[in-house]
Student: 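To start, I am sharing the structure in question, which I have written as C-alpha cells.
Read the numbers this way: they start at 1 and go in the same order the structure lists the ligands and their atoms.
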Amino acid sequence: MAEDDLFGFLLLSQTAVSKRATIIKDLKQQDCEIVYQEWVSLDLDRAKKFLQLYSKPDEQANYEEDKVNKLTENSCLALVVKKTQLSATFKELFDGQTSQRDVETGLFSTKYGLPVDSFYYSTDKNNAKECIEFLFPNLDIHNMMENNPRKYLESTVVPILTSGLTQLCKMEQKPEHPCEWLGQYLIQHDPTLSPKKKIYFILGGPGSGKGTQCEKLVEEFHLCHLSAGDLLRKEMQSGSSHGQLIDRMIRDGEIVPGHITIELLKNAMEEQTQSSGFLIDGFPRKLDQAGAFEKWIGDFEFILFLDCPQEEMEQRLLKRGQVSGRSDDNLDSIRKRFTTFVETTMPVVEYYRSRDKLVQVDASRSVEEVYKDIRTYFIEST
Ligand SMILES: Nc1ncnc2c1ncn2[C@@H]1O[C@H](COP(=O)(O)OP(=O)(O)OP(=O)(O)O)[C@@H](O)[C@H]1O
Ligand SMILES: Nc1ccn([C@@H]2O[C@H](COP(=O)(O)O)[C@@H](O)[C@H]2O)c(=O)n1
C-alpha cells in the first residue's frame with residue numbers, strides 16, 4: 001500500500017441513496033477505488049451506536065430523532081473507499097472547506113443537493129476503521145487495509161464463488177452456458193450488491209381486481225407496483241419495434257412472448273431504488289415465464305391468486321370499459337382473455353399451488369372485504 005493511501009467510509013441514508021450512481025461515478029472519476037459496498041439495515045439501537053461512534057470523543061453523541069429516523073427508515077448504502085490522499089479528494093468533491101472536521105461533517109450537500117444528515121463520511125484513519133468494523137462486522141477490514149489480496153478474496157468473493165460452483169456441480173441438468181449461469185448466480189447471491197427485495201406476483205382472471213388490490217397494498221406496505229399489462233401498453237405506445245405485435249396480442253387476449261415482458265419488468269425494477277419490494281401484477285401468465293423470471297431476475301415470495309367467477313369479472317370489465325379506453329375491454333376481447341386465462345394461466349396457478357407457493361383469496365366480495373384477507377399475508381411476509 002502506498003504511504004499516503006487512505007481508507008475512508010461513506011454511508012448514504014435513504015435520501016442520499018437516490019444519488020448513489022452519480023456519487024460513485026464522481027468518486028471513480030477521481031480515481032477512488034470502491035473497495036467494498038454493502039446495503040446496511042440499521043435498527044434503532046445500531047443507528048444510535050453508529051452516531052455515537054461517528055461523533056468525536058469530545059462531542060456529545062447526537063441522537064436527534066430525525067437523524068436516527070433517516071438511518072433506520074430504509075437500508076443505507078455503506079462504501080469503503082480507498083485512494084491516495086483521500087481527504088483531499090473528499091474535500092474537493094464534497095465541499096470547499098479546509099479543516100479535516102469540516103470535511104467529515106461538511107457541505108456534501110453543495111454538489112448533490114442533499115441534507116447534511118443524509119450521509120456520513122470520514123477519512124480519519126482510526127474513525128473510518130471503527131465505523132467500517134461496526135457497519136460490516138463480517139468484513140476483514142484489517143486485511144483489506146493491509147492490502148492482502150488473498151485474504152481479501154477469501155473474505156469476500158471465495159465463499160459465494162464456492163457456493164455457486166457447488167450448486168453447479170449438484171445440478172442434474174447442467175446449464176448449456178455454465179459461465180453465464182455462474183455469472184447470474186454471483187450477481188443474484190451477492191449480498192453487497194443490493195438488499196434482497198421481496199417479490200410478490202399477483203394473479204387472477206381479467207377483472208378479478210388485481211390492480212385495485214395492488215393500489216391498497218402499495219398504500220399500506222410501500223411496495224412498488226408493476227403491472228405487466230401496463231408496461232406492455234406503455235411499450236406499445238412508445239413506438240417500439242414490438243408495438244404492433246403487442247397491440248394485436250392484447251386485443252386478442254393472447255400472451256406476449258415472455259422475453260419482451262421480462263425485459264420490461266427487469267428495466268422497471270432496476271429503475272426503482274426506493275421501495276422495499278415489488279408487487280408484480282399480471283405475471284407470470286404462462287408457466288415458462290415464471291422459470292425465466294427466476295433465472296434472470298430472482299426468486300419470489302408467493303403468488304397471490306384472486307379467485308373470482310367469470311360472470312362477476314365480465315360485469316366489472318364491461319363497466320370499466322365504459323371509461324377505460326382499453327382496446328381489450330370489450331365483450332369480444334374479454335371472452336378471449338378468459339379463454340387464455342383458463343388454458344394458459346390456470347396451469348401456473350395450479351403448479352405453484354402444488355408447490356405451496358400460492359395463496360388464494362375469494363375476490364368476488366367487496367374491495368374492502370377482499371383486502372382484509374390479502375393484507376394478512378403481507379403482514380406475515382414483509
Ligand atoms: N371487489 C370488487 N368489487 C367490485 N368491483 C371491483 C372490485 N375490485 C375491482 N373492481 C372494479 O373492477 C374493475 C377491474 O378491476 P381491476 O382493474 O383492479 O382488475 P384487474 O384484475 O387488474 O383487471 P385486468 O387484468 O383487466 O387489468 C375496475 O373497474 C375496478 O374498479
Ligand atoms: N404477463 C403478461 C401480462 C399481460 N399481457 C397482455 O396484456 C393484456 C392485458 O393485461 P392486464 O394484466 O392489464 O389485464 C393481456 O390480456 C395480455 O394480452 C401479457 O401478454 N403478458
Side-chain angles (χ1 to χ4, degrees), residues 199 201-219 225-237 242-266 268-269 278-293 297 300 303-349 361-375:
I199 297 172
F201 291 140
I202 319 295
L203 281 184
S208 56
K210 300 181 292 296
T212 306
Q213 296 298 332
C214 282
E215 266 179 41
K216 297 184 80 63
L217 286 167
V218 168
E219 219 172 276
H225 173 209
L226 295 174
S227 151
D230 284 350
L231 290 171
L232 288 166
R233 280 183 284 273
K234 210 167 132 201
E235 177 72 359
M236 179 176 86
Q237 281 151 11
H242 300 306
Q244 284 189 340
L245 175 80
I246 299 174
D247 186 20
R248 186 193 59 72
M249 295 193 97
I250 287 185
R251 278 175 206 278
D252 289 342
E254 289 174 23
I255 311 288
V256 174
H259 69 91
I260 298 180
T261 316
I262 292 172
E263 182 71 23
L264 294 174
L265 284 171
K266 191 166 182 284
M269 290 171 83
F278 294 99
L279 291 170
I280 303 194
D281 155 7
F283 185 93
R285 289 284 236 275
K286 214 172 168 180
L287 212 39
D288 62 352
Q289 292 188 353
F293 183 97
I297 302 183
F300 63 94
I303 294 181
L304 169 68
F305 173 51
L306 304 187
D307 183 35
C308 193
Q310 211 154 297
E311 308 76 58
E312 171 68 19
M313 296 194 284
E314 188 172 294
Q315 288 312 310
R316 290 181 189 175
L317 290 180
L318 288 174
K319 194 163 165 213
R320 187 177 73 182
Q322 293 167 7
V323 289
S324 70
R326 275 179 55 161
S327 63
D328 58 351
D329 273 353
N330 58 73
L331 199 55
D332 186 38
S333 295
I334 291 170
R335 297 253 161 103
K336 287 178 179 166
R337 290 159 70 195
F338 285 154
T339 306
T340 306
F341 174 69
V342 172
E343 289 176 357
T344 315
T345 308
M346 275 312 285
V348 179
V349 169
V361 295
D362 171 6
S364 64
R365 300 165 295 160
S366 73
V367 172
E368 291 308 328
E369 279 174 308
V370 178
Y371 186 66
K372 203 167 155 220
D373 281 359
I374 287 180
R375 68 188 291 278

Student: May I ask you to list the atoms of ligand 1 that are less than 4.0 angstrom from any heavy atom of R337?
Tutor: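 Those qualifying, in numeric order: 24 (P), 26 (O).
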Student: For ligand 1, is there an atom lying under 4.0 Å from some heavy atom of G207?
Tutor: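 Yes, G207 has a heavy atom closer than 4.0 Å to ligand 1.
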Student: Below 6.0 angstrom between ring centroids: does that apply to F293 and F201?
Tutor: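 Centroid separation for F293 and F201: below 6.0 Å.
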Student: Is it the case that ligand 1 has an N or O less than 3.5 angstrom from some N or O of Q213?
Tutor: no
Student: Please examine the side chains of R326 and R320, heavy atoms only from C-beta on, and report whether any two atoms are closer than 4.5 Å.
Tutor: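 Counting from C-beta outward, R320 and R326 do come under 4.5 Å.
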Student: Can you find a non-hydrogen atom of E215 under 4.0 Å from ligand 1?
Tutor: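 False for this residue.
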Student: Are any of the N or O atoms of R285 closer than 3.5 Å to those of ligand 1?
Tutor: no
Student: So do the side chains of V256 and H242 get within less than 4.5 Å of each other, counting heavy atoms only?
Tutor: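 In short, these two side chains do not touch, never coming nearer than 4.5 Å.
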Student: Can you confirm, on distance only, whether ligand 1 has an N/O atom lying under 3.5 Å from any N/O atom belonging to T212?
Tutor: yes
Student: Check each atom of ligand 1 against the heavy atoms of G211 and keep those under 4.0 Å away; list them by number with element.
Tutor: 18 (O), 20 (P), 22 (O)
Student: Which residue and non-hydrogen atom of the protein lie closest to atom 27 (O) of ligand 1, and at what distance in Å?
Tutor: R326 NH1, 3.2 Å
Student: Indicate the atoms forming the closest heavy-atom contact of L279 with C214, along with that distance.
Tutor: CD1-O, 3.8 Å
Student: I want to confirm something. Looking only at heavy atoms, which of E369, Q315, R316 is nearest to atom 8 (N) of ligand 1?
Tutor: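 Answer by nearest heavy atom: R316.
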Student: Output all residues satisfying side chain to side chain contact (heavy atoms under 4.5 Å, CB included) with K372, sequence neighbours left out; order by chain, then residue number.
Tutor: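 Partners of K372 by the side chain to side chain contact (heavy atoms under 4.5 Å, CB included) criterion come out as none, since no residue qualifies.
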Student: Less than 4.5 Å apart, any side-chain heavy atom of L264 and any of L226?
Tutor: no
Student: Can you name the closest pair of heavy atoms from D328 and I334 and give their distance?
Tutor: O-CG1, 3.7 Å
Student: Quick one: does N330's side chain have a donor or acceptor within less than 3.5 Å of a partner on D332's backbone?
Tutor: yes
Student: Is there a heavy atom in G282 that sits closer than 4.0 Å to ligand 1?
Tutor: no
Student: For atom 1 (N) of ligand 1, grab the closest protein heavy atom and report residue, atom and distance to one decimal in Å.
Tutor: R365 O, 2.8 Å
Student: My understanding is that we take every heavy atom of each candidate and find the minimum distance to atom 19 (O) of ligand 1. Doing that for G204, G205, A228, G209, which one comes out nearest?
Tutor: G209
Student: Tabulate below the donor-acceptor pairs under 3.5 Å that side-chain atoms of residues 341-348 make, not counting sequence neighbours, or state none.
Tutor:
residue : atom : partner : partner atom : Å
T344    : OG1  : T340    : O            : 3.3
T345    : OG1  : R285    : O            : 2.8

Student: Got the closest protein heavy atom to atom 25 (O) of ligand 1, with its distance?
Tutor: K210 NZ, 2.7 Å
Student: Got a second to check how far D362's CG is from S208's OG, nearest 0.5 Å?
Tutor: 11.5 Å
Student: Do Q213 and I202 have side-chain heavy atoms sitting under 4.5 Å apart?
Tutor: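 Of all side-chain heavy-atom pairs linking I202 with Q213, none is under 4.5 Å.
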Student: With respect to R320, determine whether any N or O atom, backbone or side chain, lies less than 3.5 Å from an N or O atom of ligand 1.
Tutor: yes
Student: Take every heavy atom of S366, measure it against each atom of ligand 1, and state whether any distance is under 4.0 Å.
Tutor: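 For ligand 1, residue contact (heavy atoms, under 4.0 Å) with S366 is present.
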Student: For ligand 1 and P206, I'd like to know whether there is a polar contact (N/O to N/O, distance under 3.5 Å).
Tutor: no
Student: Could you establish whether M313 and ligand 1 come within less than 4.0 Å of each other, counting only heavy atoms on the residue side?
Tutor: no
Student: Flag the pair E254 and K336 as a salt bridge only when some basic side-chain nitrogen lies within less than 4.0 angstrom of an acidic carboxylate oxygen.
Tutor: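 Salt bridge absent between E254 and K336.
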Student: Can you list the residues that meet the side-chain hydrogen bond (donor to acceptor under 3.5 Å, both in side chains) rule with E312, with sequence neighbours excluded?
Tutor: R316
Student: Can you see which heavy atom on A228 is nearest to which on G282, and at what distance?
Tutor: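 Heavy-atom minimum between the residues: CB-O, 3.8 Å.
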Student: Sort out the contact shell of ligand 2: every protein residue with a heavy-atom distance below 4.0 Å, listed by chain and number.
Tutor: A228, G229, L232, R233, M249, I250, E254, I255, V256, T261, G282, F283, R285, Q289, R326, D328, R337
